[in-house]
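These notes are about the structure you will find just below.
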Amino acid sequence: MDDQLNAVKTVDPAVYEAIRQEEARQQGHLELIASENWTSLAVRQAVGSVMTDKYAEGYPGRRYYGGCEYMDVVESLAQQRLKEIFHAEYVNVQPHSGASANTAVYFAALKHGDRILGMDLSHGGHLTHGSPANLSGKFYEVRHYGVERESERIDMETVRHLAKEFQPHMIVVGASAYPRVIDFPAFYQIAQEVGALVMVDMAHIAGLVAADLHPTPVGFADFVTSTTHKTLRGPRGGFILSGADWGPKLDKSVFPGLQGGPLMNIIAGKAVAFSEALTLNFRAYQAQVVDNARVLAEELIGRGLRLVSGGTDNHLLLIDVKHSGLTGKVAQERLSSVGITVNKNTIPFETEKPTVASGIRLGTPQVTTRGLGKEQMTELAEVVSAVLLAPNGFDPSAYLQRIEALAREFPLPGI
Ligand code: DSN
């Protein structure tokens, strides 16, 4: 990264220093935040390019400003590749984030006050799926489904019952902390029965879907939204997929409805990431992400930790740390003291505030990008379980050394 940061160093030493320290933090620790990843040098170079300097309001071939010929090249490439990855008829690569993508769909398909049925945030859903703290919960009438107390999984008969009672205009499917396969055809069937539209937010599992490791929502949803930076390993941003018939409305909803000029440097980074996602290497990477999560889950359970739903089918796992006498906040701090970054997370039927929480969420996308495999998952599980089950006042230094050694052995590619 040296050459790319020389100018920053000269012009703004304070920002340079913060970037370097962040680089060292990421390099020297293990990032187990399930929604994070490590982009390729190619993606970061595209994002850091002159594409950031251009206004390109509109869409390829129909822009409001002159000089957009290369913007058109890049956005069209991103669109074509995204269509190819997910077999979608219509794509929009301009949403600045997953939240923007979801909001653009709501504004295209719903009226103020319409009813949406989405997954409860504390059961693994997302803020933009109707939380009262989010625009989606303020603009629409919301009912939530969750997981069953015993199985900690979504029960489709419960969802059907709720849908029949509530008669939603839209069912929102997808989660940010659900470790199990989501049955998209079953949701779609229920939506058909009650005459609702379906939006699937596949942000967390987009990379797995791209690699055929999770059933695709395409064909079982009117709209599919996603971020680009989680398992999909692109730059920070969002996108929308749908059938061609919704295209004109969605285009208008994103621009000029919700956004102004697209972030063309990010769209260039998306195009590069989508080309990477079409390779065999990417499929192998996703398979390793899932294998690593499974091994990590099994090893943690074997060492006495309780996992929500008893395991994982995807890239993430939720540990009920209350079961081990901790809060999520304390567990996050303990792991941080040994060089492992995680986030505290509410668990189903939560009794603590979200800022305290009873769980932590762990994911394997980033550590898999740096090359950790099953053997290292066993070592990670040893450290995580020892740290979570240790008495208060334990000495973290030996564990920190082990994690730092692992981080050195598996450097982040491209620095
Ligand atoms: N904040 C993201 C996550 O961590 O899952 C969702 O937007």
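Every number for a ligand or one of its atoms is a count from 1 in the order of the listing.
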Problem set entry | Nearest-0.5 Å distance that lies between atom CD1 in Ile301 and atom OG1 in Thr312 | 9.5 Å

For this session: Indicate the atoms forming the closest heavy-atom contact of Ser131 with Ser136, along with that distance.
Result: N-OG, 3.9 Å

Exercise. Which of these, Leu388, Leu32, Leu30, sits in a side chain to side chain contact (heavy atoms under 4.5 Å, CB included) with Leu335?
Worked result: Leu388

For this session: Any atoms of ligand 1 less than 4.0 Å from a non-hydrogen atom of Ser176? List them with their elements.
Result: 5 (O)

Exercise. Hey, does Arg361 sit under 4.0 Å from ligand 1 if you only count heavy atoms?
Worked result: yes

Exercise. Looking at Phe282, does the NZ or CZ of Arg233 lie under 6.0 angstrom from its six-membered ring centre and within 45 degrees of the ring axis?
Worked result: no

For this session: Measure from atom 4 (O) of ligand 1 to the protein's non-hydrogen atoms and state whether any distance is below 4.0 Å.
Result: yes

Seminar exercise, completed: Counting from 1 in the order shown, the ligand 1 atoms closer than 4.0 Å to a non-hydrogen atom of His204 are 3 (C), 5 (O)

Exercise. For ligand 1, which atoms sit closer than 4.0 Å to a heavy atom of Ser35?
Worked result: 3 (C), 4 (O), 5 (O)

Problem set entry | Identity and distance of the protein heavy atom lying nearest atom 7 (O) of ligand 1 | His126 NE2, 2.7 Å

Exercise. In terms of residue, atom name and distance, what is the protein heavy atom nearest to atom 2 (C) of ligand 1?
Worked result: Lys230 CE, 3.9 Å

Exercise. Applying the side chain to side chain contact (heavy atoms under 4.5 Å, CB included) test to Gln286, which of Val209, Asn281, Leu208 qualifies?
Worked result: Leu208

Exercise. Under 3.5 Å, is there a donor-acceptor pair between the Tyr285 and Thr368 side chains?
Worked result: no

